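For reference, the structure is listed below as structure tokens.
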Amino acid sequence: MVENAIVDSDKNASTNRGPKMISENTNVFYGDKQALFDINLEIGQNEVTALIGPSGCGKSTFLRCLNRMNDVIDICRVTGKITLDGDDIYDPALDVVQLRARVGMVFQKPNPFPKSVYDNIAYGPRIHGVGNTKAELDEIVQSSLERASLWNEVKDRLDEPGTGLSGGQQQRLCIARAIAVNPEVILMDEPCSALDPIATAKIEELIDELRMNFTIVIVTHSMQQAARVSQRTAFFHLGELVEVGDTAEIFTNPKDDRTQGYITGRFG
Amino acid sequence: MATEHIVKAYSDELNALEALIARMGGYVESIVQESMSAVSRRDTALAGQAIEADHRIDAIEHEVNEAVIRMLALRQPMALDLRAIIAALKISGDLERIGDYAANVAKRTLVLNEAPPIPSAAAIPRLGRLVSANLKEVLDAYAEKDADKAVDVWHRDEEIDAIYTSLFRELLTYMMEDPRNITACTHLLFMAKNIERMGDHATNIAEVVYYMVHGKSLENDRPKQDTTSGLVAESPAESPAESPTESGSVEPYNSGPDDSGPTPTS
């Protein structure tokens, strides 16, 4: 199992670029209220795509569509089509738990389980039936922590509670936990908003490294962060995808006045 | 987009930067005019005034640099603001060079005024008027954020290059006719080159204005009419080989007037 998973992620790295996920005419309704309007967006493989926009613009809602996190909200209804490697992720036959193993998520506030550092990482592989022996689990825990640039800081504290780490370490622990099940896509919802600038820089460096093996979609309120970490930037406003393009282009020469107004800090 | 920033102080800073460039442009326009009048009227006092005014321009350039660095560090400008700030930085650099060239013309005037008048000195102010007009227009284009106007200026630099080339030939002829003209003609030649370079900097400003407005570079190279780098003086005797050639157009982009020949001490 572990062998397969590693081969899978290698395959990801070799098929560079090309869309990993595609959203076609995605609409989202919360009851009668429409939150997203006909979102058409391609998420490039091994790229960091940043979703920016003012509060309530729908960027987090869209992010949650990508691994069906909106399913847990009763009144939420999603129409349109979202594919992962060409397969419709809203196919009723699809196992949502498996989908979320392929499309992992990191949240705004670090939320380690109230368990040891080791068990935080081992939890996912265990429930997915990966790593049946102690040796296999040990290896997954170590490699996940290494890939999250946390191993050196916690290797002597694996039995201590994850909640005892610093905020930045906790967030990297959550990233390591997401990585442990070998996802293909990692969704990040404002992963640095609760962190200081140094911890933020470490996460940003990590994002840049993770891009080699994963496809990343990040929602951020910091435009500087979007500019620093992403290759493509999508600007959302009032539930619409206003503009998407290469990050350098969006931040130097946006085409739409609403994008311009937002990123330059004007009334728009 | 004319709307104000949410943080009003940011808009104020951008407006102040634009005003600084406008003020600098005004000074540069007047120093160019002063130096041209100093040549045509053989006015030593006016030349001295122009040389003095150059210091004021340098000081404003310094102010612009500081304002730009401060805004880049503190405001993290994006999109059109970023382009406006970078444009101000680049334009101030070009304006400073134009000021230097004008001061250099004024310095050479001091020397020329010691020698008897040369007829073709009149062509210098003519060239100067064209450059002044382009400078004024490109500064208007900046103030009005009018990229079309900037493109017009950009195209008109050809005319300046053409006049410069013909003046170059004319001065070579004078020198061949009477070697006593050589000193004065050489100074006139460098003046002409300086003025032609001012035109090039006005063209640079036009490109910057275009970038500021559209967020992309003015493409396809401007046709170059300055062909003097290959010109050879036909000597009355048949020895065409060792005639002086002028190397102006291989001059590096940012070279100042000080590299373009001996500068008289004032």
Side-chain angles (χ1 to χ4, degrees), chain A residues 48-57 59 190 192-193 195-198 200-201 204 218-238 241-268, chain B residues 1-19 21 67-91 141-142 144-148 150-151 204 206-220:
Chain A
V48 179
T49 303
L51 312 181
I52 61 168
S55 296
C57 69
K59 57 191 188 300
E190 297 185 52
C192 300
S193 60
L195 304 181
D196 70 50
I198 299 295
T200 298
E204 288 178 0
I218 178 171
V219 164
T220 175
H221 266 137
S222 159
M223 281 172 291
Q224 274 74 30
Q225 178 167 68
R228 287 190 300 261
V229 303
S230 72
Q231 284 71 54
R232 305 257 297 162
T233 296
F235 171 64
F236 285 75
H237 185 59
L238 300 175
L241 174 59
V242 172
E243 186 169 354
V244 58
D246 285 348
T247 297
E249 185 73 9
I250 293 282
F251 287 109
T252 57
N253 191 20
K255 298 286 170 286
D256 194 284
D257 276 353
R258 287 168 292 178
T259 317
Q260 182 105 260
Y262 180 69
I263 66 175
T264 60
R266 288 174 162 83
F267 300 112
Chain B
M1 205 179 192
T3 49
E4 290 277 304
H5 287 89
I6 296 165
V7 178
K8 195 172 167 299
Y10 187 10
S11 291
D12 293 346
E13 282 172 26
L14 278 168
N15 292 338
L17 186 63
E18 215 177 297
I21 295 293
V68 166
I69 289 169
R70 200 171 52 233
M71 290 175 80
L72 289 178
L74 304 185
R75 301 287 181 197
Q76 284 110 40
M78 294 279 193
L80 83 175
D81 299 330
L82 177 65
R83 303 204 304 265
I85 290 169
I86 294 301
L89 181 69
K90 295 190 78 165
I91 290 173
Y142 170 73
E144 294 157 18
K145 300 184 171 49
D146 184 341
D148 292 341
V151 172
N204 289 347
E207 288 171 8
V208 172
V209 170
Y210 187 90
Y211 173 76
M212 178 179 80
V213 173
H214 292 302
K216 57 184 184 204
S217 318
L218 241 179
E219 273 154 36
N220 58 31

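Letters A, B, ... mirror the listed sequences (proteins, then strands); counts begin at 1. From a predicted model like this one, the values you see are computed outputs, not experimental measurements.
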Original post:
Measuring from A:T264:OG1 to B:L14:CG, what's the distance to the nearest 0.5 Å?
Top reply: 9.5 Å

Subject >> salt bridge (Lys or Arg N to Asp or Glu O under 4.0 Å) contacts touching residues 218-228 of chain A (sequence neighbours left out) >> reply: A:E204-A:R228

Original post:
Say you draw a straight line from NZ of B:K216 to CD of A:E249; how long is it, rounded to the nearest 0.5 Å?
Top reply: 9.5 Å

**OP:** Give, for atom CD1 of A:I250 and atom CE of B:M78, the distance between the pair rounded to the nearest 0.5 Å.
**Re:** 11.0 Å

**OP:** Just jot down the side-chain hydrogen bond (donor to acceptor under 3.5 Å, both in side chains) partners of A:D256, sequence neighbours excluded, or say none.
**Re:** A:R258

Original post:
Counting only N and O atoms by type, is there a donor-acceptor contact under 3.5 Å from the side chain of A:Q260 to the main-chain atoms of B:L80?
Top reply: yes

